[in-house]
Amino acid sequence: MSIKIKFPDNSVSDFQKGVTPLEIAEGISHGLAKDVITAKVNEELVDLNHKIEEDSSIELIKFDNDIGKEVYWHSTAHLMAQAVKELYPDVKVAIGPAIESGFYYDFDKNIPFTDDDLVKIEDKMKELAKQDIEYKRQEIPRKEAIKLFFKMKDNYKVELLNEIPDGETISLYTQGNFTDLCRGPHIIHSGKVKAIKLLKTSGAYWRGDEKNKMLQRIYGISFPSNKELNKFLHDLEEAKKRDHRKIGKELDLYSVSDEVGAGLILWHPNGAMIRSIIERYWLDRHFEAGYQVVYSPHIGKGELWETSGHLEFYKESMYNPIIVDEQEYYLKPMNCPFHIAIYQSRKRSYRELPIKYAEMGTVYRYEHSGALHGLMRVRGFTQDDAHIICTPEQLIEEIDKVLVFSMDILKAFGFKDFLIYLSTMPEKAVGKKEDWDRGIEALRKALDNHNIEYEIDEGAGAFYGPKIDIYIKDALNRSWQCSTIQFDFNLPEQFGMEYIGTDNKPHRPFMVHRALLGSLERFFGTLIEYHAGNFPFWLCPIQVEVLPISEHFEEYAGKVNKKLKENGIRSEIDYKNEKIGYKIREAEMRKIPYMFIVGQKEMESQKVSVRRHLKGDLGSFSLDEIIGKMKIEIESKS
RNA sequence: GCUAAAAUAGCUCAGUGGUAGAGCAACUGAUUCGUAAUCAGUAGGUCGGGGGUUCAAAUCCCCCUUUUAGCCCCA
């Protein structure tokens with residue numbers, strides 16, 4: 001009996017009934033058979049030894065494919081669990097999925113794993129890998145599976161099994177004497193895993209719930225070759241070099257002081273210079289786009305936060321109140337109630353709408369101490385906030401505008417790759433389901449209008465409405481939320497916001513919160529990492545360092561510096577009594593984009609020798625010429 | 001907040017119970033120099049804070065603060 005197998009290129013071949021993906025791969029080439037990890041048969045992922053019994057389509061998947069990586073890493077996680085079970089038989093296993101880069105497995109072990117344990121486990125894994133242990137699939141009824149794991153005292157697996165709906169296939173995978181509950185598929189045998197590195201351990205709650213027991217998680221990664229592993233480890237090192245906390249210190253951009261408090265950022269002159277340029281640009285763009293800038297205080301009375309719903313829904317993220325004249329005042333975690341107060345300071349007409357209030361508003365949120373992270377996660381930060389108050393008819397257009405505006409501004413800072421999420425109704429939420437659906441639809445429409453790719457983040461909306469979030473990745477491939485565009489069904493209602501319509505009757509406006517850069521702190525952090533501290537020219541705190549060859553040329557250097565300043569270029573002179581090589585090295589390390597070297601030659605010809613950061617000597621230029629070039633560079637924001 | 005690790009000079013780090021160290025930076029002097037480190041000298045530390053053990057603590061123990069990697073959460 002033969003069956004027809006269709007390949008991704010639509011070609012069809014005949015095979016013996018019961019042929020396996022591995023045999024098919026073998027038939028194409030030996031190399032492919034060696035590299036193939038898993039296969040999709042009729043769009044369903046299967047093991048390589050899965051027997052194909054009928055006409056089917058097939059796609060052979062290798063490690064270069066994301067699905068291939070996932071299967072490979074997931075199988076390595078099983079291998080790690082096997083190694084851990086062999087070394088520490090009393091340990092219970094929980095779950096062990098593949099993640100974006102690598103895998104982890106959670107274990108229930110009373111004493112946490114040490115670094116020495118990791119080495120032992122890694123060695124054991126390598127030993128097991130070399131033995132080419134087969135991953136055997138077995139399908140059994142649920143009752144039997146429960147019995148089996150109960151007997152093995154794997155209560156986490158029993159808990160999982162109890163939640164699998166009736167009728168779903170339950171599959172087990174066994175390598176050697178280790179059996180795990182798993183949907184699969186897996187690699188064919190452990191020998192496919194050639195290079196392994198266990199990276200770190202950490203605590204993790206069972207099912208991510210802090211009420212549950214803390215398990216011990218081990219993270220690792222694996223590759224089909226040592227070369228790939230080494231590249232991964234090398235990239236990791238390179239990423240560490242871009243860490244904003246490291247560069248922030250090296251370039252004297254910002255600091256955090258124990259004395260001042262955790263998660264509270266001190267912007268040093270260099271960082272503050274960059275921030276002020278960002279703010280100036282931001283203001284210009286917002287005025288152009290029809291926003292009105294407002295300012296509001298840092299604290300507000302308890303009643304305000306009662307009305308807004310923050311004390312009901314957001315209290316755990318707020319600082320405790322300050323008592324003044326027997327009144328409770330809270331540090332603001334958000335700016336919205338203040339903007340609403342401005343709106344409500346007088347009666348509004350439909351003719352005024354949309355009203356767009358923008359503010360660089362500094363807010364304070366109580367973050368768990370363990371969550372704090374450099375500039376990325378702090379307790380006091382400045383949001384580039386705005387609230388758009390509009391009529392229901394204006395809503396879609398306003399969402400559309402703000403989305404385009406947002407992407408446009410991010411691009412001006414050199415960002416290109418974004419991850420975009422549309423978040424839906426969370427469990428703890430206010431507002432009617434219909435309103436939520438309508439809001440989500442409006443957001444979706446705006447994204448679709450501009451062919452923007454996005455993912456749905458179920459239940460991740462704010463308590464008051466759905467939102468679109470734009471994420472930017474950092475050096476270590478972690479993504480950070482920058483822009484957010486959020487609907488609000490709550491506040492207009494809570495505060496009883498109104499405008500007088502054409503019918504001379506009061507109506508409830510819609511409100512959209514949005515922050516484009518998100519928080520200036522986090523945005524600055526991502527900016528540092530994205531550019532590795534080599535900021536776009538227009539943002540550099542010092543754009544030109546004038547380097548006199550010796551004391552004799554300091555006067556000429558002063559003239560050059562003066563001319564630069566007259567042209568709005570931020571420059572300074574290095575008066576140090578050092579050789580030119582030293583001064584250049586220092587300017588290079590400070591990542592100053594231009595170095596102007598001035599000595600005898602330059603003074604005589606009234607020119608400057610230009611050296612560009614990371615590029616080297618560009619030759620000599622007249623001041624007018626080079627200033628012209630720099631002005632173009634500033635204009636183009638490159 | 002939880003689990004684990006860490007905190008020594010401005011920075012990067014060495015020092016595991018017996019007189020606090022190095023390199024760079026800083027300061028002083030010499031040198032006046034051509035594209036990533038000139039030479040010499042000087043100064044700088046209650047070893048994160050508090051308590052304890054000990055004849056003796058940077059080192060061992062306890063508490064606190066902060067940081068790091070994750071968990072949870074989030075701009």
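Numbers restart at 1 for each chain; the letters A, B, ... are given by sequence-line order, proteins then strands.
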If the P atom of U53(B) is compared with that of U59(B), how far apart are they to the nearest Å? 15 Å
Searching all strands shown, indicate the nucleotide that pairs with U19(B) (Watson-Crick or G-U wobble; both distances under 3.5 Å). none
Under a 4.0 Å threshold between the charged nitrogen and the carboxylate oxygen, would R275(A) count as salt-bridged to E521(A)? yes
Is T201(A) touching bases, backbone alone, or none of the nucleic acid, heavy atoms closer than 4.0 Å? nothing
Over how many whole Å does the gap from H244(A) atom NE2 to A75(B) atom C1' extend? 13 Å
Whole angstroms only, please: what is the OH-P distance between Y105(A) and C71(B)? 18 Å
Do any side-chain nitrogens or oxygens of T484(A) fall under 4.0 Å of OP1 or OP2 in A75(B)? no
Where along residues 586-598 of chain A does a heavy atom fall under 4.0 Å from RNA chain B? E588(A), M589(A), I597(A)
L215(A) CG to C72(B) P: how many Å, rounded? 12 Å
Sticking with atom C1', work out how far C47(B) lies from A57(B), rounded to a whole angstrom. 11 Å
Using purine N1 to pyrimidine N3 plus N6-O4 or O6-N4 for Watson-Crick, or N1-O2 and O6-N3 for G-U wobble, both under 3.5 Å, which nucleotide pairs with C24(B)? G10(B)
Nearest-Å distance once atom P is located in both U12(B) and A69(B): 15 Å
Using a strict 4.0 Å threshold on nitrogen-to-oxygen distance, state whether D154(A) and K92(A) make a salt bridge. no
With a cut-off of less than 4.0 Å, is there a side-chain N or O of Q383(A) near OP1 or OP2 of A75(B)? no
ring-ring contact (aromatic ring centres under 6.0 Å, His included), paired with W305(A), selected from F338(A), Y314(A), Y319(A): F338(A)
Between protein and nucleic acid, restricted to nucleotides 9-12 of chain B and to nitrogen or oxygen atoms under 3.5 Å apart, what atom pairs and distances do you find?
residue	atom	partner	partner atom	Å
U12(B)	OP1	K249(A)	NZ	3.2

Below the 4.0 Å mark, does A25(B) have OP1 or OP2 next to a side-chain nitrogen or oxygen of Y582(A)? yes
Hey, does the side chain of R245(A) come within less than 4.0 Å of U68(B)'s phosphate (OP1/OP2), counting only N and O? yes
Just to confirm, is there a sub-4.0 Å distance from OP1 or OP2 of G70(B) to any side-chain nitrogen or oxygen of H373(A)? no
Restricting to nitrogen or oxygen on both sides, can you table the protein-nucleotides 44-50 of chain B pairs closer than 3.5 Å?
none

Tell me whether the rings of W267(A) and F524(A) are parallel (<30°), tilted (30 to 60°) or perpendicular (>60°). parallel
Respond yes when some side-chain nitrogen or oxygen of K200(A) is under 4.0 Å from OP1 or OP2 of A69(B), and no when none is. no
When you compare C64(B) with C27(B), how far apart are their C1' atoms, in angstrom units rounded to a whole number? 37 Å
With both distances under 3.5 angstrom, what nucleotide forms a Watson-Crick or G-U wobble pair with C74(B)? none
Looking at the rings of F313(A) and Y464(A), which for Trp means the six-membered one, are their centres under 6.0 Å apart? no
Categorize S609(A) for me: base, sugar-phosphate, or nothing, with a 4.0 angstrom heavy-atom threshold over every strand shown. base
Can the ring centres of F487(A) and F489(A) be said to be less than 6.0 Å apart? yes
Quick one: look up who A58(B) pairs with, Watson-Crick or G-U, both distances under 3.5 Å, and put none if it's unpaired. none
Rounding to the closest angstrom, what is the interatomic distance between A20(B) and C13(B) at atom C1'? 14 Å
Counter-base of C39(B), judged by Watson-Crick or G-U geometry with both distances under 3.5 Å: G29(B)
Of all the nucleotides listed (A36(B), G34(B), A26(B)), which has the minimum atom distance to the side chain of K576(A)? A26(B)
Would you mind reading off the distance between Y366(A) atom OH and A75(B) atom P, rounded to a whole angstrom? 17 Å
Examine the base of G70(B) for any acceptor or donor lying under 3.5 Å from a partner atom in the side chain of Y205(A), and report the outcome as yes or no. no
Under-4.0 Å salt bridge between K401(A) and E398(A): yes
Nucleotide paired to U53(B) in any strand shown, Watson-Crick or G-U, under 3.5 Å: none
Check this for me: K559(A), atom NZ, are more than 12 non-hydrogen atoms of other residues, nucleotides or ligands nearer than 6.0 Å? no
Minimum-distance nucleotide (side-chain atoms of L614(A) versus A36(B), A75(B), U38(B)): A36(B)
Between CD1 of I549(A) and C1' of U32(B) the distance, given in whole Å, is 11 Å
State which residue, out of E545(A), E633(A), H613(A), fulfils the side-chain hydrogen bond (donor to acceptor under 3.5 Å, both in side chains) condition with Y594(A). E633(A)
Hits for side chain to side chain donor-acceptor pair (under 3.5 Å) against E578(A), two or more places apart or cross-chain, chain-then-number order -> none
I'd like the P distance from C61(B) over to G29(B), given in whole Å. 49 Å
Ion pair check, R611(A) and E588(A), cut-off under 4.0 Å: yes
Provide the distance between the two C1' atoms, one in G45(B) and one in U19(B), to the nearest whole Å. 15 Å
Please report, rounded to the nearest Å, how far the C1' atom of A69(B) is from the CD1 atom of I218(A). 14 Å
Only pairs with both distances under 3.5 Å count, Watson-Crick or wobble alike; so what is the partner of A4(B) in this structure? U68(B)
Both I470(A) and I584(A) contact RNA chain B. Taking the nearest nucleotide for each, which residue is further toward the 5' end? I584(A)
Please table the atom pairs, donor to acceptor, closer than 3.5 Å between any side-chain atom in residues 402-415 of chain A and protein atoms at least two apart or in another chain.
residue	atom	partner	partner atom	Å
S406(A)	OG	S483(A)	OG	3.4
D408(A)	OD2	R285(A)	NH1	3.4
D408(A)	OD2	R285(A)	NH2	2.6

Which nucleotide sits closest to the side chain of E551(A): A36(B), U32(B), G70(B)? U32(B)
Interatomic distance where NE2 belongs to H368(A) and P belongs to U3(B) [whole Å]: 13 Å
If we require ring centres under 5.5 Å and near-parallel planes under 30°, does F381(A) stack on A75(B)? yes
From CA spacing to verdict: ring pair (Phe, Tyr, Trp, His ring centres under 6.0 Å), F107(A), Y88(A): CA-CA 11 Å; F107(A) 301 97; Y88(A) 313 90; 8.8 Å; no
Could you tell me how far C60(B) sits from G17(B) if I compare only their P atoms? Round to whole Å. 8 Å
Is any side-chain N of the basic residue among E238(A) and K241(A) closer than 4.0 Å to the acidic one's carboxylate O? yes
Answer for the Watson-Crick or wobble partner of U46(B), both distances under 3.5 Å, is none
Is there a donor on the side chain of R217(A) or the base of A4(B) sitting less than 3.5 Å from an acceptor on the other? no
H310(A) side chain vs P333(A) backbone, donor-acceptor pair below 3.5 Å: no
Quick one: ring-ring contact (aromatic ring centres under 6.0 Å, His included) partners of Y219(A), sequence neighbours excluded? Y104(A)
What's the CZ-C1' distance between R379(A) and U66(B), to the nearest Å? 11 Å
